[in-house]
Amino acid sequence: MKNKYILLGLSYLAALCSCSDDKAFEPDYLPKITSDHAMTSTVNVANKHQVIDGFASSDAWTMDYIGKYWSNNAKEGIAKLLFSQKVERGNPEGIGLSMWRVNLGGGTAEQGEASGITDKTRRVECFLTQNGTYDWSKSSGQQYFMQKAKEYGCNNFVLFSNTPPVQFTVNGKGSGNWWNNNLREDCFDDFADFLATVAKHFSDNGYNISYISPLNEPQYSWGGDGQEGCSWQHVHVAKMARALNESLKTKGPENTMMLLAEAAKVPYLYTTDDSWADRTNVIPTYFKSDSEHYLGDLERMPKLICAHSYWWDKTWDVLFDSRTKARAEADKYGLKLYQTEWSMLGEGYEDYENYDQATYMDLALSMAKVLHHDLVTASMNSWAYWTTASQEVYSQKSRFYMIRLIPTGGDYGNIADGGTYESSKNLWVLGNYSLFVRPGYYRVDLNIPEGDKKFFGSAYISPEEDKLVVVYTNINDESIQMETSIEGLNKQVVSMRQYVTSSTSDLNEVDEYLKGYIPAKSVVTMVYDLK
């Protein structure tokens, strides 16, 4: 059955503009259409692709400080922005994250300046003390946000580690061993037991620990003073995975799986870098049955691999090429893909000539392009932002946050002194997906014949097929009139709501007369109720 549902709104404009003899109605923005016809798209619900497992962000690096030192009003407000699914009179309270990544520290916070990490917010406490006992009062600020996530309905947690506990490392620190693995050869089992024990503790306290990620970006050295980090070669990754598999079976929660391999960029999944041959070509290394480091037979190793979307994200062509190759390699072994970290690390994005002149919405639209290719081209099942909240310093604008923190002393003030916060366009653009595309939704076909690098979209259907979500991104300088038709569904559209993130709107619902218009430089979500 073909069900066509077109929302143009022209009659509403005509009616509203004639409602007063004194002054014609003037909406906040008028669609500025340059073509003489509407652009069309077709959703085919019958063609289902990947299941969406969730949208996430992480509590590194600042959430522990907020949870410990900021006022109840401030930290509750931040939690609401991240996790609330409530929409009040067309205005969402938050973006309804459905996954939350929790950083398991290695004890550099206890070391203080002796850790060698200069930024105190990147030193992290460890639940395992030097005498071998566990102190579950550590990382209390991070635990605050775990609790708030669960209260708001987000009970899907990924525990991730950047370094083993410092007592297990070669140099006694949480970073600094340069290109060498920093985990002592006699401590692989100890580190695995630590991870499983922490997962079991939180599971026993009512948290769904779906995955535990033992290592981060193994391709890099982590030899500087910037953060906790550890370098890993394939031989070390495989040894760690086997140790963690056994610890999870004997000491961990029943359903917690491991998550590998937090590749530093997408091409590392499918190519061999000559300088890092023992760290790249990740997918076949761990899933090809005759590989020396084959891990596909481990009970707690799911058919899933993850990578970060840094660096290979500047242009449409690079995004399309790298994500197409990643999807093809994953399909050879029947793998799901997760994107587990992205922030705007570099410059040179193709949609604005000068970063200094780019607006906050321009930066968020660059993120929207990454989201699109990760979800559509690579068919990834989950997508995560990196630094949830941070200060805006060094003219970086919103490159590294969804929520801007403004300490009491200003942007360069002490974060432990409390402060205020602001939402960003990055937050709301992610919300165009995360608030409406819930775990269990399927991505379905969306065909836009006139779509291009500056106008694109994707569509998602609920498991019950009672809600359809279509997300459009318009990077053009002009608004677009859109006709959307729905095929492959034996149901009727009973209503449609439209939410816009733009320079003047933060995921706000539009009035009836503006439905069907995609404003210039915006991300728009259309939510169809089906019956």
Side-chain angles (χ1 to χ4, degrees), residues 58-65 101-130 138-139 141-142 158-188 190-192 194-195 198 212-237 239-241 243-244 259-265 268 275-276 278-280 306-308 310-311 340-341 343 345 386-388 390 393-394 400 415:
S58 79
D59 65 10
W61 299 102
T62 59
M63 304 304 284
D64 194 49
Y65 276 80
R101 288 171 55 86
V102 179
N103 183 14
L104 298 186
T108 53
E110 289 87 345
Q111 291 180 320
E113 292 184 2
S115 68
I117 298 172
T118 56
D119 184 346
K120 66 181 180 181
T121 66
R122 299 191 178 191
R123 305 172 195 154
V124 193
E125 293 178 342
C126 186
F127 293 115
L128 183 62
T129 68
Q130 290 290 333
K138 296 293 184 70
S139 300
Q142 292 175 259
V158 177
L159 307 181
F160 69 96
S161 172
N162 290 309
T163 177
V166 295
Q167 55 266 48
F168 299 154
T169 63
V170 173
N171 64 1
K173 296 183 179 182
S175 64
N177 203 31
W178 296 101
W179 293 106
N180 300 308
N181 180 266
N182 201 27
L183 176 60
R184 295 199 335 244
E185 282 296 325
D186 62 338
C187 289
F188 278 75
D190 294 323
F191 182 31
F194 162 75
L195 296 172
V198 175
I212 190 157
S213 174
L215 54 96
N216 174 65
E217 295 187 349
Q219 293 80 20
Y220 296 158
S221 74
W222 304 113
D225 59 2
Q227 66 170 78
E228 291 189 345
C230 182
S231 184
W232 300 79
Q233 296 173 322
H234 286 320
V235 63
H236 303 128
V237 174
K239 183 176 180 179
M240 186 65 231
L244 182 55
L259 182 62
L260 293 179
E262 305 277 0
K265 54 189 178 184
Y268 287 150
S275 59
W276 290 316
D278 56 358
R279 304 164 196 260
T280 55
C306 68
H308 301 165
Y310 301 128
W311 306 116
T340 49
E341 282 188 24
S343 288
L345 291 187
W386 173 223
T387 43
T388 298
S390 70
V393 292
Y394 313 124
F400 306 129
I415 194 174

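Worth saying up front: this structure is predicted, and the values here are computed from it rather than measured.
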When rounded to the nearest 0.5 Å, the distance separating CZ of Arg123 from OG of Ser175 is 11.0 Å
Under 3.5 Å, is there a donor-acceptor pair between the side chain of Glu110 and the main chain of Thr129?
-> no
OG (Ser115) and NZ (Lys120) are apart, to the nearest 0.5 Å, by 13.0 Å
Find out whether Glu228 and Arg122 are in side-chain contact, i.e. whether some heavy atom of one side chain is under 4.5 Å from a heavy atom of the other.
-> no
Any side-chain heavy atom of Ser231 within less than 4.5 Å of one from Arg279?
-> yes
For side-chain contact (heavy atoms from CB on, under 4.5 Å), just list the numbers for Asn181 and Phe188, CA-CA rounded to whole Å, side-chain angles, deciding distance to a tenth of an Å, and then say yes or no.
-> CA-CA 11 Å; Asn181 180 266; Phe188 278 75; 4.2 Å; yes
Scan side-chain atoms only and decide if Glu341 and Ser58 contain a donor-acceptor pair under the 3.5 Å cut-off.
-> no
Does any N or O in the side chain of Asp190 come within less than 3.5 Å of the main-chain N or O of Phe194, such that one atom is a donor and the other an acceptor?
-> no
Would you mind reporting whether Gln130 and Val166 have side-chain heavy atoms less than 4.5 Å apart?
-> yes
Can you measure from CH2 (Trp311) to NZ (Lys265) and round to the nearest 0.5 angstrom?
-> 8.5 Å
Over all heavy atoms of both residues, which pair between Pro218 and Ala261 is shortest? Give the atoms and the distance, please.
-> CD-O, 3.4 Å
Does the side chain of Asp59 come within less than 4.5 Å of Arg101's, by heavy atoms?
-> no
Ignoring hydrogens and geometry, is there a side-chain-to-backbone donor-acceptor pair from Arg184 to Gln167 under 3.5 Å?
-> yes
Kindly give the heavy-atom pair with the smallest separation between Glu262 and Leu215, and that separation in Å.
-> CG-O, 3.2 Å
Is the backbone of Lys138 close enough, under 3.5 Å, to the side chain of Glu125 for a donor and an acceptor to pair up by distance?
-> no
Would you indicate whether the side-chain heavy atoms of Leu104 and Val198 approach each other to under 4.5 Å?
-> yes
Side chains of His236 and Glu185: closer than 4.5 Å at any heavy-atom pair?
-> yes
May I ask you to decide if the ring planes of Phe191 and Trp232 are parallel, tilted or perpendicular, using 30° and 60° as cut-offs?
-> parallel
All heavy atoms of Asp64 vs all of Gln142, minimum pair found to be OD1-N, 3.0 Å
Specify the closest pair of heavy atoms between Ser343 and Trp386, including all atoms of both residues, with the distance to one decimal.
-> OG-CB, 3.4 Å
Interatomic spacing from CE in Met240 to CG in Leu195 - rounded to 0.5 Å | 5.5 Å
Indicate the atoms forming the closest heavy-atom contact of Cys126 with Gly107, along with that distance.
-> CB-N, 3.4 Å
In Å and rounded to the nearest 0.5 Å, what is the NZ to CG distance from Lys239 to Leu244?
-> 14.0 Å
So do Asn103 and Asn162 actually touch side chain to side chain, heavy atoms under 4.5 Å?
-> yes
Is it true that atom CH2 of Trp179 has more than 12 heavy atoms of other residues, nucleotides or ligands lying nearer than 6.0 Å?
-> yes
From OG1 (Thr387) to CH2 (Trp61), nearest 0.5 Å | 10.0 Å
Side chain to side chain, Leu259 and Phe160, heavy atoms closer than 4.5 Å = no
Set of side chain to side chain contact (heavy atoms under 4.5 Å, CB included) partners for Ser390, sequence neighbours left out = Phe400, Tyr401
